[in-house]
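All residue numbers in this chain count up from 1 along the given sequence.
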Amino acid sequence: MSAEELALLRAELDVPLPDGFAELDGAQALLLAQALRRARERRASGLHESVEDALTLVPALTREPVRRMFFR
């Protein structure tokens, strides 16, 4: 695995790579990094949708101030 692929995987995990990751070839490392990125994006999207749904419980006139309080 190249240094670039290692750096990409390390950036996606945001922690030092476990020892077993050194055995991955370049294609496997890229596939894993892409899967991690997609999972993170799905989780963020789901969280955003949940927050928007929850804000429907807040009176309409106060939604924007509440949104700004929570998401500066």
Side-chain angles (χ1 to χ4, degrees):
M1 175 173 7
S2 73
E4 181 181 321
E5 292 158 341
L6 277 172
L8 180 62
L9 199 52
R10 195 176 300 116
E12 285 301 322
L13 288 173
D14 200 28
V15 294
L17 295 178
D19 294 334
F21 280 41
E23 296 176 21
L24 297 174
D25 65 25
Q28 291 171 323
L30 289 175
L31 183 64
L32 181 57
Q34 291 168 349
L36 290 168
R37 180 178 297 125
R38 283 192 308 269
R40 184 176 294 116
E41 289 169 353
R42 278 194 310 271
R43 185 177 53 215
S45 175
L47 181 59
H48 178 73
E49 289 175 22
S50 297
V51 167
E52 290 300 321
D53 288 345
L55 283 173
T56 62
L57 301 173
V58 175
L61 292 175
T62 60
R63 281 186 199 144
E64 280 307 310
V66 168
R67 187 179 278 118
R68 282 193 302 268
M69 272 192 295
F70 286 115
F71 306 105
R72 295 179 182 196

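Cluster membership for Val66 and Leu57, using ILVMFWY side-chain heavy atoms within less than 4.5 angstrom, is not shared.
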Listing, residues 14-33 side-chain donor-acceptor contacts under 3.5 Å, not counting sequence neighbours, or none:
{"unit_1": "Asp25", "atom_1": "OD1", "unit_2": "Ala27", "atom_2": "N", "d": "3.1"}
{"unit_1": "Asp25", "atom_1": "OD1", "unit_2": "Gln28", "atom_2": "N", "d": "2.8"}
{"unit_1": "Gln28", "atom_1": "OE1", "unit_2": "Asp25", "atom_2": "N", "d": "2.9"}

Return all side-chain donor-acceptor pairs below 3.5 angstrom for residues 45-52, not counting sequence neighbours, or 'none' if the list is empty.
{"unit_1": "Ser50", "atom_1": "OG", "unit_2": "Gly46", "atom_2": "O", "d": "3.0"}
{"unit_1": "Glu52", "atom_1": "OE1", "unit_2": "Arg67", "atom_2": "NH2", "d": "2.7"}
{"unit_1": "Glu52", "atom_1": "OE2", "unit_2": "Arg67", "atom_2": "NE", "d": "3.4"}

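Evaluation of the side-chain hydrogen bond (donor to acceptor under 3.5 Å, both in side chains) test over residues 33-42, restricted to residues two or more places apart or in two chains, returns Glu12-Arg37, Glu12-Arg40.
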